[in-house]
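The structure appears below as structure tokens.
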Amino acid sequence: MEKLTLQEEEAMLAVWQVGAGFIKDFMDAMPEPKPPYTTLASTIKNLERKGFLKSERYANANRYSAKVKEAEYKKRFMNGFVNNYFQSSYKELVAFFAKDKKISTAELKEIINLIENPEK
């Protein structure tokens, strides 16, 4: 799965939030500053070409929906990120944030609890 550009990720976040919809629906879901309509339309077309979206024709407009689930994209992206920047070690990733004081002791305890009790 190909890594998306920031602009494509922002568009996909809107698609995942809205579900199936038209470009105007995705535009409404995007945070400010919103891209121009034509830019978003072009980005949506690129995402469809790359296989992230599918479309259905309704009268003279296309209704788009995600072909790739948000959780699947996040999982693949994070795996690649950890592989590229942390020598495939999630321990190194957590240690990086701990050393940089981006994660608290309480949050680390929550993570340990999630690992020890994955059903909760």
Side-chain angles (χ1 to χ4, degrees):
M1 181 182 302
E2 161 176 11
K3 170 79 173 86
L4 298 177
T5 66
L6 180 59
Q7 191 172 9
E8 290 169 337
E9 281 186 356
E10 288 174 350
M12 281 304 298
L13 287 172
V15 171
W16 287 320
Q17 179 183 345
V18 169
F22 299 93
I23 293 174
K24 183 183 179 329
D25 300 322
F26 307 137
M27 178 72 77
D28 291 343
M30 294 185 81
E32 294 291 341
K34 296 180 188 298
Y37 181 90
T38 53
T39 301
L40 180 59
S42 177
T43 302
I44 294 290
K45 276 290 189 197
N46 286 338
L47 288 165
E48 181 182 24
R49 183 182 48 77
K50 289 180 174 183
F52 284 85
L53 298 177
K54 59 185 174 184
S55 66
E56 300 172 77
R57 192 81 175 154
Y58 284 88
N60 63 346
N62 284 331
R63 182 174 179 237
Y64 296 92
S65 59
K67 280 177 75 174
V68 175
K69 292 184 169 115
E70 184 176 10
E72 180 185 342
Y73 179 74
K74 284 180 181 178
K75 182 179 178 181
R76 289 196 184 190
F77 170 74
M78 283 306 298
N79 285 337
F81 179 78
V82 171
N83 291 342
N84 292 337
Y85 294 98
F86 296 97
Q87 298 77 41
S88 300
S89 170
Y90 283 87
K91 177 185 165 204
E92 291 294 323
L93 171 73
V94 174
F96 171 81
F97 288 115
K99 288 176 188 170
D100 203 29
K101 300 198 186 316
K102 299 288 185 198
I103 191 167
S104 70
T105 303
E107 289 169 323
L108 283 171
K109 287 178 182 173
E110 284 181 45
I111 292 169
I112 291 167
N113 190 39
L114 286 171
I115 293 167
E116 291 174 344
N117 305 299
E119 275 85 50
K120 291 184 180 183

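Computation of the quantities below employed the complete heavy-atom set of this structure, encompassing side-chain atoms and omitting hydrogens, waters and symmetry-equivalent molecules.
A distance of 9.5 Å separates CG of Leu47 from OG of Ser42, quoted to the nearest 0.5 Å. Atom CD of Glu70 is separated from atom CD of Gln17 by 9.5 Å, given to the nearest 0.5 angstrom. Asn46 CG to Arg49 CZ: the interatomic distance, rounded to the nearest 0.5 Å, is 4.5 Å. For the atom pair CZ (Phe52) and CD (Glu9), the distance works out to 9.0 Å, reported to the nearest 0.5 Å. Here the CG atom belonging to Leu93 is positioned 5.5 Å from the CE atom belonging to Met78, to the nearest 0.5 angstrom. Taken from CG in Leu13 to CE in Met30, the straight-line distance is 8.0 Å, to the nearest 0.5 Å.
There is a path of hydrophobic side-chain contacts, each under 4.5 Å, that joins Ile115 to Phe86. Taken together through direct or relayed side-chain contacts under 4.5 Å among Ile, Leu, Val, Met, Phe, Trp and Tyr, Tyr37 and Phe22 form parts of separate hydrophobic clusters.
Residue-environment remark: NZ (Lys50) exceeds the threshold of 12 foreign heavy atoms within 6.0 Å. No more than 12 heavy atoms of other residues, nucleotides or ligands shown are found within 6.0 angstrom of NZ on Lys54. Heavy-atom contacts from other residues, nucleotides or ligands closer than 6.0 Å to OH of Tyr90 number more than 12.
Contact annotation: the side chain of Ile44 approaches that of Val15 to within less than 4.5 Å [non-hydrogen atoms, C-beta and beyond]. Side-chain contact between Leu40 and Gln7 is absent, with no heavy atoms from C-beta onward closer than 4.5 Å. The closest side-chain heavy-atom distance from Met12 to Leu53 is below 4.5 Å. The shortest side-chain heavy-atom distance between Ile23 and Tyr64 falls under the 4.5 Å cut-off.
Between Lys45 and Glu48 there is a salt bridge, with a side-chain nitrogen of the basic residue lying less than 4.0 Å from a carboxylate oxygen of the acidic one.
Here the closest non-hydrogen pair linking Val18 and Ala29 is CG2-CB, 3.5 Å. Here the closest heavy-atom approach between residue Gly51 and residue Lys67 is recorded as O-CB, 3.6 Å.
Every pair tested for salt bridge (Lys or Arg N to Asp or Glu O under 4.0 Å) that includes a residue from residues 95-113 fails, sequence neighbours excluded, so the list is empty.
The aromatic rings of Trp16 and Tyr73 sit tilted, their planes meeting at an angle between 30° and 60°.
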